[in-house]
Chemist: 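Have a look at this one.
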Amino acid sequence: MMVAAQLQSIINAHTQLEKVSDSTWQPKIAQTVTDSTDAIYLAVPETVADLATIIEAAAQEKWRIIPCGNGSKLDWGSLTEKINLVVSTQKCDRIIDHAEGDLTVTVEAGVQLADLQAKLQATGQFLPIDPIYPQEATIGGIVATADTGSLRHGYGGIRDLILGISFVRADGKIAKGGGRVVKNVAGYDLMKLFTGSYGSLGIISQVTFRTYPIPATAQTFILTGDAPSIATAIKQIKNSGLTPTAADLVTGSVSSALELGNKLGLLVRFQTIPESIAEQGSQLDAIAQSLDLSVTSYQEETEAQIWQKLSELIRIPQSSDGITCKLGILPSSAVQLFQELAEISPTKSLARIHIGSGLGSCQWLESDRAAITRMRSLCQQQQGFLTVLSAAKSVKQEIDIWGYSGNTAIMMQKIKQQFDPQNIFNPQRYVE
């Protein structure tokens, strides 16, 4: 009761405080910790000032904290223990400023992406990110996990869209970097540093993004066929003047799930004026015909549903045994990797890779640790990585979910020590 008593003495009536074991959050937290949730409390402040007050008290008492938004991705990251406090920013949810003419928007971390998109849509703009759980995910959680999707091909990743960021430091002070401030803190590029930091360096409190005009229309073309032809098509597309906003290579198992046969597939999305889509579609058809590839195209509502289904199919666990992963390799090696994946796990895995960046995601429908280990080795051979995101606790207790190699972990530990010397933010979940 010590944590609750001390917090009650500093928080006001606008901050929700309850035991995790008595709340709807209990199942989420239980998937995150190895010990009991009985001694963990949940704090949900309504203002950034209240958030800072809580963190200041936590620093003084050396409480161990799990930061989050709505908790939609709390099962990502390593397991932890001896947590005192879960701090949610879900009620710090103001849209602070939308400069329509400048194409920028500033929001608090607890703003849900769906709410922000609705606000921007009214002005003909949008934020070009497509994370998992778009109806629930908060801006802070999206940035902390670098959770974007296929639109990164045309618009860049999360960190490319951020102009400024504010966060609560491990001592409870508020720091800022990037847009609308004079300089960054301690010489770091804070926007890039905090993107994908999993709440281990501080709690994101506010973000400024660049926005984009909503495209006039969209059309998606799906090419399917043999691996050599798909590989050639990818090269020709990348060397052409085509400007897709998304271009994903998918495994034959994904093609099958989308009812497109059982061969490798290449999804290419154009979002622009109708005349440009018609011209680019014609060029893409010519490439497909020259390589004897099948082509299927989708427009309007069906087109959007294809991308939503693709994301859900691969990124949301399909069963309690499902394991989802994030991966990255040299883009030129994507087809080869999928050929090898078909030999490792022909029917029990689903995967896609963004052909521009080489980043992607995959899911094993059953727990197959040997296959994951082999897949990680293949990715590392191509200067890449494989990180486990969602998995049963028993799996995470037995394997290294991050798989860092070289001096990456050492560098990250040094940065963690600079920002959070007492290791109160997400201990063990990312870096120590």
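Numbering of residues begins at 1 and proceeds along the displayed sequence.
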Chemist: When you check the side-chain N and O atoms of Asp38 and Ser36, is any donor under 3.5 Å from an acceptor?
Modeler: yes

Chemist: For the pair Ser255 and Asn262, evaluate side-chain contact (heavy atoms from CB on, under 4.5 Å) and give the outcome as yes or no after the intermediate values.
Modeler: CA-CA 6 Å; Ser255 294; Asn262 59 1; over 6 Å; no

Chemist: Is the shortest side-chain heavy-atom distance between Leu17 and Leu42 below 4.5 Å?
Modeler: no

Chemist: Within a strict 4.5 Å, meaning less than it, do heavy atoms of the Val105 and Leu116 side chains meet?
Modeler: yes

Chemist: Kindly indicate, with the supporting measurements, whether the criterion side chain to side chain donor-acceptor pair (under 3.5 Å) is fulfilled by Gln271 and Thr245.
Modeler: CA-CA 6 Å; Gln271 294 174 293; Thr245 54; 2.6 Å; yes

Chemist: Using a 3.5 Å distance criterion without hydrogens, assess whether the side chain of Glu108 forms a donor-acceptor pair with backbone atoms of Arg94.
Modeler: yes

Chemist: Check for a donor-acceptor pair, side chain of Arg64 on one end and backbone N or O of Asn423 on the other, with a separation under 3.5 Å.
Modeler: no

Chemist: Can you confirm whether Phe194 sits close enough to Phe419 that some side-chain heavy atom of one is under 4.5 Å from a side-chain heavy atom of the other?
Modeler: yes

Chemist: Using a 6.0 Å cut-off, check whether atom NZ of Lys238 has over 12 heavy atoms from anything other than its own residue.
Modeler: yes

Chemist: Is Asp147 salt-bridged to Arg315, cutoff N-O under 4.0 Å?
Modeler: yes

Chemist: Using a 4.5 Å cut-off on heavy atoms from C-beta on, say whether the side chain of Leu327 contacts that of Thr387.
Modeler: no

Chemist: Distance only, no hydrogens: is a donor on one side chain within 3.5 Å (strictly under) of an acceptor on the other, for Gln125 and Glu100?
Modeler: no

Chemist: Any side-chain donor paired with an acceptor under 3.5 Å for Thr145 and Trp76?
Modeler: no

Chemist: Can you tell which of Pro131, Pro134, Ser72 makes a side-chain contact (heavy atoms from CB on, under 4.5 Å) with Ile142?
Modeler: Pro131

Chemist: How close do Phe425 and Ala170 get, heavy atom to heavy atom, and via which atoms?
Modeler: CE1-CA, 3.5 Å

Chemist: Within the supplied structure, the quantity of interest is the number of heavy atoms (other residues, nucleotides, ligands) at a distance under 6.0 Å from Lys173 NZ; does it exceed 12?
Modeler: no

Chemist: Between Asn426 and Ser200, is there a side-chain donor-acceptor contact under 3.5 Å, judged purely by atom types and distance?
Modeler: no

Chemist: Under the criterion side-chain contact (heavy atoms from CB on, under 4.5 Å), I'd like the reasoning laid out for Ile230 against Leu249: C-alpha separation, chi angles, the key distance, then a yes or no.
Modeler: CA-CA 9 Å; Ile230 289 289; Leu249 175 70; 3.6 Å; yes

Chemist: Just checking, any donor-acceptor pair under 3.5 angstrom between side chains of Gln308 and Glu312?
Modeler: yes

Chemist: Among residues two or more places apart or on two chains, list those pairs meeting side chain to side chain donor-acceptor pair (under 3.5 Å) that have a residue in residues 25-35.
Modeler: Gln26-Thr37

Chemist: Please answer whether the main-chain N or O of Gly157 pairs with a side-chain N or O of Asp160 as donor and acceptor at a distance below 3.5 Å.
Modeler: yes

Chemist: Does one side chain, of Gln112 or Asn70, offer a donor that lies under 3.5 Å from an acceptor on the other?
Modeler: yes

Chemist: Taking all non-hydrogen atoms of both residues, which atom of Trp63 and which atom of Asn84 are closest, and how far apart?
Modeler: CA-OD1, 3.3 Å

Chemist: Would you name the heavy atoms of Ile204 and Ala144 that are closest together and state the gap between them?
Modeler: CD1-N, 4.0 Å

Chemist: Restricting to non-hydrogen atoms, name the atom on Asp75 and the atom on Ser390 that form the minimum distance, rounded to 0.1 Å.
Modeler: OD2-OG, 3.0 Å

Chemist: Kindly indicate whether the side chain of Val254, heavy atoms from C-beta on, has any atom under 4.5 Å from the side chain of Ile314.
Modeler: yes

Chemist: Is Lys348 salt-bridged to Asp368, cutoff N-O under 4.0 Å?
Modeler: no

Chemist: Carefully, step by step, assess Ile55 and Ile65 under the rule side-chain contact (heavy atoms from CB on, under 4.5 Å).
Modeler: CA-CA 9 Å; Ile55 301 307; Ile65 299 172; 3.7 Å; yes

Chemist: Quick one: does Ile355's side chain get under 4.5 Å of His153's, heavy atoms only?
Modeler: yes

Chemist: Would you please indicate yes or no on a ring centroid separation below 6.0 angstrom for Trp402 and Phe385?
Modeler: no

Chemist: Determine whether the aromatic ring centres of residues Tyr155 and Tyr212 are separated by less than 6.0 angstrom.
Modeler: yes

Chemist: Please check if any side-chain donor atom of Asp50 sits under 3.5 Å from a side-chain acceptor atom of Thr53, or the reverse.
Modeler: no

Chemist: Taking C-beta and beyond as the side chain, do Thr106 and Gln206 meet within less than 4.5 Å on heavy atoms?
Modeler: yes

Chemist: Please name all residues satisfying salt bridge (charged side-chain N to carboxylate O under 4.0 Å, His left out) with Asp420, sequence neighbours left out, ordered by chain then number.
Modeler: Lys416

Chemist: So does Glu18 have more than 12 non-hydrogen atoms from other groups sitting under 6.0 Å from CD?
Modeler: yes

Chemist: Which pair of heavy atoms, one from Ser197 and one from Tyr430, lies closest together, and at what distance?
Modeler: O-CD2, 3.2 Å

Chemist: Contact between Glu56 and Asp171 at the side-chain level, heavy atoms closer than 4.5 Å - yes or no?
Modeler: no

Chemist: Provide the closest heavy-atom pair for Ile83 versus Pro427 in the form atom of the first, atom of the second, distance.
Modeler: CD1-CG, 4.0 Å

Chemist: Evaluate the criterion side-chain contact (heavy atoms from CB on, under 4.5 Å) for residue pair Leu79 and Val33; output intermediate values, then yes/no.
Modeler: CA-CA 5 Å; Leu79 301 174; Val33 299; over 6 Å; no

Chemist: Is the number of heavy atoms from other residues, nucleotides or ligands within 6.0 Å of CD (Gln305) greater than 12?
Modeler: yes

